[in-house]
2 protein chains.
Amino acid sequence: MKFSKKILGSIALICALAVAGNAASDKVTWKLATSWNAEFPPFTDSVANMAKMVEEMSGGEFQIKVDAVNKHKSAFGIMDMVKLGQYDMGHTASYYYKGKDPVLLMFTTMPFGMNALEQYAWFYFGGGMDIMQKSYEKHGMYAFPGGNTGVQMGGWFRKEINSLDDLKGLKMRIPGFAGEIFAKLGCSVTNIAPGELYTSLERGTIDALEWVGPGMDVSMGFHKIAPYYYTGWHEPATELQFVVNKAKFDKLSDKNKAILKTAMKTAAYDMLIQNYDMSATAWDKIKTEYPNIKIKSFPKPVMDAMRQANADLIAEQSANNPEFKRINDSQQAYMKKARAWTNIGEFAYIRDNQ
Amino acid sequence: MKFSKKILGSIALICALAVAGNAASDKVTWKLATSWNAEFPPFTDSVANMAKMVEEMSGGEFQIKVDAVNKHKSAFGIMDMVKLGQYDMGHTASYYYKGKDPVLLMFTTMPFGMNALEQYAWFYFGGGMDIMQKSYEKHGMYAFPGGNTGVQMGGWFRKEINSLDDLKGLKMRIPGFAGEIFAKLGCSVTNIAPGELYTSLERGTIDALEWVGPGMDVSMGFHKIAPYYYTGWHEPATELQFVVNKAKFDKLSDKNKAILKTAMKTAAYDMLIQNYDMSATAWDKIKTEYPNIKIKSFPKPVMDAMRQANADLIAEQSANNPEFKRINDSQQAYMKKARAWTNIGEFAYIRDNQ
């Protein structure tokens, strides 16, 4: 039996195409830069969880290599590196880039804003995702929720705050929009590197600071030197972001797009739950080992003044920036109806079981 | 140029193996049975969302066909059909099967138990998933969270409940563990088919009923005939379940296992958020169109009596069933520390922003 070269060639070609078409076409290796050090749970767990899901769901065909800050040296340069394509994607917090574009801060959290469930409902069912994509499009990237901390605590204070007067001259480490609010109320607001926070608080360089919540605060040790732990108001649902280079994402196969989107979404939800567990466990430990710690809420006149300062800041931004106003209007309208449900649902349940 | 038959045969075999090994091995079509009618949002959306993610992430290689109750005619037979392999998987609520195995009700929700965030933290970080797998293993299947309703409302009442006396002889539709509690307090507890609930309430065949929350209640129209809407206590975080035939799951490729698990997890979280949005939107509509509706909480003596009746029921079950006791102990211990965090975190934030 004889076969011509032509037939043999055809067989080989069909065979090669079949293998290539079905197996090799989706092979992708991506690089991701984070705003965090290599070990910074639960933020870094969200990234690792996402990358692991992508690898497993693609049968190893889609791999994401993660570089932490110690590697790329640019905690707050994630947007630029992703925009320029130095990294395919990043994991960061949108509000770090308010200097670049003020509207970006609104995709992380807002003082007196939505809690985590309300905010996810706004993102996924209240138009928030479309709004966020429009704001990120002009920076050449897509943005996706990247993990939520839930309500952050108001911070650790060495002295009790009984009135607005107690805030005058108070030296506090509190960054961002909330820092501007405290500054308006007469605080001396400073920023200090994380590694120096404990010593600064211990030595009285600062009188107070905010970090995150029990789960992430416990390893910092603030509870050993500041007995007043204030409840939250300024970051009710801090959402991190996965940012993805638009051109790179658009080039992915439909399958890899679906895998990446689902993995990012799941990792974001998972981080909210992980941080809930971390905070429950850490608060249990803190209150057992340091029974002198007192949970306080700011007195009503202080809360009212902070609420007014926040409204003033939003009004200033909105007056100069129609996009800021449009996004704030969408969030406020959604929060109004979501909070009415929260009040008779989740809130009433906990209230009636005290 | 000549090739022997043997060489040609080898080339063909290599070619076939290459194609099969890389492409065809994961081709899977599964059948899923639900406990719901074809259109029953958000429950049916959770299933459709999961199946869509599986299809897209597998590039169409893994398909899940969904049969609703109108097809298989057995809303409460999902476990049996999945166990026997008539369906590969199902979407149902674990507490429907407490007659088969009392411990199964604890994976849905418990009166006065954990809220949704607390319960997900218990499942994923507090040992709950392992406990659930052990309980389902003896029924030949795996179970996974399938979507959470969040806090369910306490129900629609035609008359206000001011004391325990008002419950005596009250005719109420409320199934499950909560029904047993109301029966202990002197209610006449009945079950009525969903399609007859509105007419029964309107004609006084029953005085009260519970369904879910604003998002799922609004289309039933109860707010038109019962002006008292009570806050929740009996189903603080109703989690549906995906149940999967163990042998079928074990036979999936690692890739398809990862795809299915991630899709189920994401769909479950998504349903919690979707139902939050549905309830926010529906409650906004109800309170605008029916301003006479009054939100009420049961008076403290009634809540205390319900709490005691619940504790008695749990004690009875635990005395006869070491597995029930073990699961309840795990949930109670986890809830204790999670609730302490809820109180100073999510709860305090909403409380201080009333």
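Protein chains get the first letters and strands the later ones, always in sequence-line order, with residue 1 at the start of each.
For the 3.5 Å distance criterion, the side chains of Thr281(B) and Lys337(A) qualify, holding a donor opposite an acceptor. Side-chain contact, Thr266(A) with Thr262(B): no donor N or O sits under 3.5 Å from an acceptor N or O. A side-chain N or O of Tyr334(B) and one of Asp277(A) form a donor-acceptor pair less than 3.5 Å apart.
When each of Ala338(B), Pro236(B), Ala116(B) is checked for heavy-atom pairs under 4.5 Å with chain A, Pro236(B) comes out on top. Highest contact tally toward chain A, considering only Lys52(B), Lys261(B), Gln274(B), is held by Gln274(B) [criterion: heavy-atom pairs under 4.5 Å]. Of all the listed residues (Ala121(A), Gly232(A), Ser279(A)), the one sharing the greatest number of non-hydrogen pairs under 4.5 Å with chain B is Ser279(A). Your options are Asn115(B), Ile259(B), Asp284(B), and the one with the most heavy-atom pairs under 4.5 Å with chain A is Ile259(B). The residue among Gly215(A), Pro214(A), Gly150(A), Ala237(A) with the most heavy atom pairs within less than 4.5 Å of chain B is Pro214(A). By number of non-hydrogen pairs under 4.5 angstrom with chain B, the leading residue of Arg339(A), Lys300(A), Lys257(A) is Arg339(A). Ranked by heavy-atom pairs shorter than 4.5 Å toward chain B, the options Leu117(A), Thr231(A), Asn275(A), Asp254(A) are led by Leu117(A). Across Glu56(B), Met53(B), Glu118(B), Met303(B), the residue that shares the most heavy-atom pairs under 4.5 angstrom with chain A is Glu56(B).
Distance check: Ile273(A) CD1 to Gln119(B) CD gives 10.5 Å after rounding to the nearest 0.5 Å. Note that OH of Tyr276(B) is 14.0 Å distant from CZ of Phe125(A), once rounded to the nearest 0.5 Å.
Proximity to chain B involves both the backbone and the side chain of Asp270(A), based on heavy atoms less than 4.5 angstrom apart. For Ile344(A), the parts sitting under 4.5 Å from any heavy atom of chain B are the backbone and the side chain alike. Neither the backbone nor the side chain of Lys336(B) comes within less than 4.5 Å of any heavy atom of chain A. Only the side chain of Leu272(A) comes within contact range of chain B, with heavy atoms under 4.5 Å apart.
Scanning residues 346-354 of chain A against chain B with a 4.5 Å heavy-atom cutoff picks out Glu346(A), Phe347(A), Ala348(A), Tyr349(A), Ile350(A), Arg351(A), Asp352(A), Asn353(A), Gln354(A), ordered by number.
Residue Lys255(A) comes nearest to Met57(B) through the heavy atom pair CG-O, 3.2 Å, listed as atom of the first residue, atom of the second, then distance.
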